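Excluded from the calculations below are hydrogen atoms, water molecules and symmetry mates; all remaining heavy atoms, backbone and side chain alike, are included. Computed from a predicted model, the values in this text were never measured in an experiment. One-based numbering, in listed order, for ligands and for the atoms of each.
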Amino acid sequence: MASGAYCRPGEAIVILTGAGISRESGLATFRDADGIWKKVRLEDVATPEGFARDPDRVHEFYNQRRRELQSPHIRPNAAHLALAELDQRWPGDFLLVTQNIDDLHERAGSRRLVHMHGELLKATCQSCQAVFPWTTDLQRATPCPSCARTGYLRPHIVWFGECPFHLDEIGDALARCRLFVSIGTSGNVYPAAGFVEVARRQARARTVELNLEPSQGASRFDEAVYGPATEVVPAFCRSLLASLEAGH
Ligand code: APR
């Protein structure tokens, strides 16, 4: 597929990623057969109600994932690196919107990046609203570094029923993009699953799905390439960058 034909140099690109892009780095997805929601109920660990009911359990769930993310064998893969190179070399507007809470896009070198579901390596205080980088375990008794109150710190992560971050910036980018690419997401969770429609309707963008298998929203895309992200994403980025050299 000549993806370069979809987007001329200087035109705007929006890319959405989900858990599938981090799968080959060793991080589990949510809804695959070995996914996180097959092992723990999201109602218990990814909702404000679950946190109010049992904060210790929620802290331990994220403490385990925070420790795992920082273990030496968890590193950005070829898909993260290809997107970072595209970010650095694409002359037009470019926004990478990730649903992921891991920091693998940053570690790969992505800069024009927003985490719409928050970040595992940050914490926020529900009393003073401060947000902090956070790499160690969080407990109910951990005092807020800013207001010193205990019992108010939580992972800086958007739970089900809460409003995702950066929606204004994302909406503006979708309304102006010429190419929208969805990578490694099942298309189960809104508003991210609806971004393809916004790009089509508001910007008349070309839409491409890069995934291991057809997502819930597969029929809404103009084009699709199925396969492991570490294979299909670098190939797609190479063809986009080749269009820069060819000037078309
Ligand atoms: N390469 C490409 N795609 C892959 C790979 C891979 N190696 N492995 C799995 N996938 C695909 C799966 O086929 C699936 O379509 O990645 C997708 C992962 O889907 P989910 O597990 O539903 O993850 P995601 O779409 O990111 O979930 C969205 O739901 O639970 C919430 O907040 C959480 O951000 C998350 C949101």
Side-chain angles (χ1 to χ4, degrees), residues 1 14-51 58 61-62 64-66 68-69 74-83 96-105 108 113-122 154-167 170 180-196 207-221 223-237:
M1 169 189 62
V14 174
I15 296 180
L16 172 69
T17 60
I21 200 170
S22 297
R23 186 69 192 83
E24 291 161 91
S25 291
L27 295 179
T29 63
F30 292 96
R31 296 173 182 83
D32 287 328
D34 60 348
I36 292 171
W37 298 147
K38 296 290 191 297
K39 297 171 184 143
V40 63
R41 291 179 69 246
L42 68 86
E43 294 80 3
D44 293 337
V45 295
T47 62
E49 296 78 11
F51 186 58
V58 174
F61 173 70
Y62 289 101
Q64 284 173 16
R65 293 177 67 195
R66 195 178 297 110
E68 177 194 33
L69 177 56
I74 301 292
R75 289 187 299 272
N77 64 48
H80 297 106
L81 294 167
L83 291 180
L96 173 52
V97 181
T98 188
Q99 300 175 88
N100 300 339
I101 59 175
D102 65 58
D103 64 339
L104 297 178
H105 283 305
L113 164 69
V114 290
H115 283 267
M116 64 179 290
H117 290 164
E119 298 175 63
L120 187 54
L121 300 185
K122 287 184 179 172
R154 60 170 274 185
H156 186 59
I157 289 168
V158 179
W159 286 327
F160 287 92
E162 297 183 324
C163 187
F165 299 139
H166 307 290
L167 289 184
I170 295 167
F180 174 75
V181 188
S182 177
I183 302 172
T185 180
S186 64
N188 266 287
V189 175
Y190 286 81
F195 288 169
V196 57
T207 56
V208 181
E209 175 170 77
L210 307 178
N211 208 52
L212 191 62
E213 60 198 7
S215 72
Q216 292 267 32
S219 62
R220 302 156 90 175
F221 290 86
E223 197 83 30
V225 181
Y226 296 120
T230 56
E231 291 173 20
V232 302
V233 175
F236 184 81
C237 292

Verdict with supporting geometry, I21 and T98, side chain to side chain contact (heavy atoms under 4.5 Å, CB included): CA-CA 10 Å; I21 200 170; T98 188; 5.6 Å; no

Looking only at protein heavy atoms, which one is nearest to [atom], and how far off is it?
atom: atom 11 (C) of ligand 1; answer: N211 OD1, 3.5 Å
atom: atom 3 (N) of ligand 1; answer: L212 N, 3.2 Å
atom: atom 7 (N) of ligand 1; answer: E24 OE2, 3.0 Å
atom: atom 9 (C) of ligand 1; answer: D32 OD2, 3.2 Å
atom: atom 26 (O) of ligand 1; answer: A19 N, 2.8 Å
atom: atom 35 (C) of ligand 1; answer: F30 CE1, 3.6 Å
atom: atom 1 (N) of ligand 1; answer: A229 N, 2.9 Å
atom: atom 5 (C) of ligand 1; answer: G20 O, 3.6 Å

Going by heavy atoms in the side chains, are [X] and [Y] under 4.5 Å from each other?
X: F180; Y: V97; answer: no
X: W159; Y: R154; answer: yes
X: E68; Y: L27; answer: yes

Side chain E24, main chain T230, donor-acceptor under 3.5 Å: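 Checking the backbone N and O of T230 against the side chain of E24, a donor-acceptor pair under 3.5 Å is found.
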
Please could you name the atoms of ligand 1 that [X] approaches to less than 4.0 Å, counting only its heavy atoms?
X: E213; value: 13 (O)
X: G18; value: 26 (O)
X: W37; value: 30 (O)
X: F160; value: 30 (O), 31 (C)

Winner among R31, E209, Q99 once heavy atoms are compared against atom 27 (O) of ligand 1: R31

Spacing of CG belonging to N100 relative to OG1 belonging to T17, to within rounding of 0.5 Å: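 Nearest 0.5 Å value for the CG-OG1 distance: 4.5 Å.
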
Distance (rounded to the nearest 0.5 Å) between N188 CG and Q99 CD: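 Rounded to the nearest 0.5 Å, the CG-CD separation comes out at 9.5 Å.
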
contact_flag P228 ligand 1 heavy-atom lt 4.0 Å: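 The answer is yes, since P228 has a heavy atom less than 4.0 Å from ligand 1.
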
Heavy atom of G184, distance to ligand 1 below 4.0 Å: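 Flag set, G184 near ligand 1.
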
Checking the N or O distance criterion of under 3.5 Å, is ligand 1 in contact with [X]?
X: R23; answer: no
X: H117; answer: yes
X: G187; answer: no

Full working for side chain to side chain contact (heavy atoms under 4.5 Å, CB included) between I74 and L104: CA-CA 9 Å; I74 301 292; L104 297 178; 4.3 Å; yes

Residues F221, V196; criterion side chain to side chain contact (heavy atoms under 4.5 Å, CB included); working and verdict: CA-CA 7 Å; F221 290 86; V196 57; 3.6 Å; yes

Work out which heavy atom in [X] is nearest to a heavy atom in [Y]; give both atom names and the distance.
X: Y226; Y: A218; answer: OH-CB, 3.6 Å
X: A193; Y: R220; answer: O-NH1, 3.5 Å
X: E162; Y: I157; answer: OE1-O, 3.7 Å

Within reach of ligand 1, part of S186 (heavy-atom separation under 4.0 Å):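 Both backbone and side chain of S186 come within 4.0 Å of ligand 1.
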
Region of T185 engaging ligand 1 - heavy atom pairs below 4.0 Å: both

